[in-house]
Amino acid sequence: MAVKFDDKYDIYEIKSDIDVRTCIRQAIGQIFDYAYYGCSDNIGKMVIIGPSPITDEADKYLSNMRNQHKINIYYESI
């Protein structure tokens, strides 16, 4: 799913696995494909949605991706 905010699109990938790491692993390839493969839109955030709260380990992992590689990726639970 994509949501437009001003001139940027935020991309959401929903996963149903109970394990946060599995959700992230399953979603990363898809969300990068949507954001970068043949895409000329201005991408804001990439958000992985899963059923479980984020773990400290997964939070550090995504934080490292944001800080070291400037990838604007997040995880949210529903």
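In what follows, residues are counted from 1 in the order of the sequence shown.
- At a cut-off of 3.5 Å, with distance as the only test, a side-chain donor of Asn67 or Ser63 sits close to an acceptor on the other residue.
- With rounding to the nearest 0.5 Å, the separation of CG in Asp7 from CG in Asn42 is 5.0 Å.
- Atom OH of residue Tyr61 and atom CD1 of residue Ile73 lie 7.5 Å apart, to the nearest 0.5 angstrom.
- Ile31 CD1 to Ile14 CD1: the interatomic distance, rounded to the nearest 0.5 Å, is 10.0 Å.
- Using modelled atom types, no side-chain atom of Asp17 and backbone atom of Cys23 make a donor-acceptor pair closer than 3.5 Å.
- A distance of 9.5 Å separates CZ of Arg25 from CG of Asp19, quoted to the nearest 0.5 Å.
- Met65 and Tyr74 sit in two unconnected hydrophobic clusters of ILVMFWY residues. Membership requires side-chain heavy atoms under 4.5 Å apart, directly or through other members.
- If you chain together hydrophobic residues whose side chains sit under 4.5 Å apart, Met1 and Val47 fall into the same group.
- Although no hydrogens or angles enter the test, the distance criterion places a donor-acceptor pair under 3.5 Å between the side chain of Asp10 and the main chain of Lys45.
- In terms of hydrophobic clustering, with Ile, Leu, Val, Met, Phe, Trp and Tyr side chains grouped at heavy-atom distances under 4.5 Å, Ile24 and Ile43 are assigned to a common cluster.
- With hydrogens and angles ignored, the 3.5 Å screen pairs a side-chain donor or acceptor of Ser52 with a backbone N or O of Ile18.
- Cluster membership for Tyr9 and Ile48, using ILVMFWY side-chain heavy atoms within less than 4.5 angstrom, is shared.
- The environment of Arg66 atom CZ is dense: over 12 non-hydrogen atoms of other residues, nucleotides or ligands sit within 6.0 angstrom.
- Counting non-hydrogen atoms of other residues, nucleotides and ligands closer than 6.0 Å to OH of Tyr36 gives a total above 12.
- Within the model, atoms CD1 of Ile11 and CE of Met46 stand 7.0 Å from one another, a figure rounded to the nearest 0.5 Å.
- One hydrophobic cluster, built from ILVMFWY side chains closer than 4.5 Å, cannot hold both Tyr12 and Leu62; they sit in different ones.
- To the nearest 0.5 angstrom, Gln26 atom CD is 9.0 Å from Glu13 atom CD.
- Between Pro51 and Lys15, the closest heavy-atom pair is CD-O, 3.5 Å.
- Around CG of Asp6, the count of heavy atoms belonging to other residues, nucleotides or ligands within 6.0 Å does not exceed 12.
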